[in-house]
Amino acid sequence: MSDANWGWSDRLKLQYAPMDETHQEFVILCAALSEDNPATFIARLDALIAHSVEHFEQENQWMNSHSFPPAGCHMTEHDAVLQVMREVRRRIVEAGELDLAPRLAEELPLWFEHHVDTMDNMLARFMTSEAASLATQPA
Ligand SMILES: [Fe+2]
Ligand SMILES: [Fe+2]
């Protein structure tokens, strides 16, 4: 069962504003997947995929430009979840497997919470410590 009450909360904040803002958008679009309206599911999934492409690209760019050590592992998680979203979309559209919709709506919040707690948390800490060290360097 998907949690209809799942949404943004302080529990997901990483104290890095650009990332927290993007994550609030992800949570809104992801929570919308649990609406019980099969006729609009693909449109809602497409909105989440479009957001995720930009969201992940932004984080990938931060990792590349700051030589973030575990970048490969983090990017692999982004690619994997996008692949799952696209595969679910394909199977619903091409094979009518609508039972995958509530399963995706149930699994994605769990994936996101784990990703935020691990990969994004490390990146946010890295970005804030980089910013702090730049601020204390002599001009
Ligand atoms: Fe993220
Ligand atoms: Fe990420």
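Both ligands and their constituent atoms are indexed starting at 1 by order of listing. Values below: every heavy atom of this structure, side chains too, minus hydrogens, waters and symmetry copies.
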- request: Among the N/O/S atoms of His74, select the one at the shortest distance from the Fe ion (ligand 2) and name it.
  value: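 When I compare the N, O and S atoms of His74, NE2 is nearest to the Fe ion (ligand 2).
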task: Would you name the N/O/S atom of Asp120 that lies closest to the Fe ion (ligand 1)?
output: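 Among the N, O or S atoms of Asp120, the one closest to the Fe ion (ligand 1) is OD2.
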task: Write the atom name of the N, O or S atom in His55 that is nearest the Fe ion (ligand 1).
output: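 Of the nitrogen, oxygen and sulfur atoms in His55, the Fe ion (ligand 1) lies nearest to NE2.
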message: Could you report the tightest heavy-atom contact between Phe112 and Val27, atom names first, then the distance?
response: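 What the structure gives for the nearest pair is CE2-CG2, 3.6 Å.
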- prompt: Can you give the angle His115 NE2 - the Fe ion (ligand 2) - His78 NE2, rounded to 10°?
  reply: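 Rounding to the nearest 10 degrees gives 100°.
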query: Should the ring pair His66 and Phe126 be called parallel, tilted or perpendicular, given that the plane angle runs from 0 to 90° and is split at 30 and 60?
result: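 Answer is perpendicular, since the angle exceeds 60°.
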message: Regarding Trp8 and Glu25, do their side chains bring together a donor and an acceptor under 3.5 Å, going by distance alone?
response: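 Note: Trp8 and Glu25 side chains miss the donor-acceptor criterion.
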- request: Answer with yes or no whether the side chains of His74 and His115 bring together a donor and an acceptor at under 3.5 Å.
  value: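 There is such a pair between these side chains.
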Vertex the Fe ion (ligand 1), arms to His23 NE2 and Glu59 OE2, rounded to 10°: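 About 100°, to the nearest ten degrees.
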query: Is there a donor-acceptor contact under 3.5 Å from the side chain of Ser67 to the main chain of Met63?
result: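 No: the side chain of Ser67 does not pair with the backbone of Met63.
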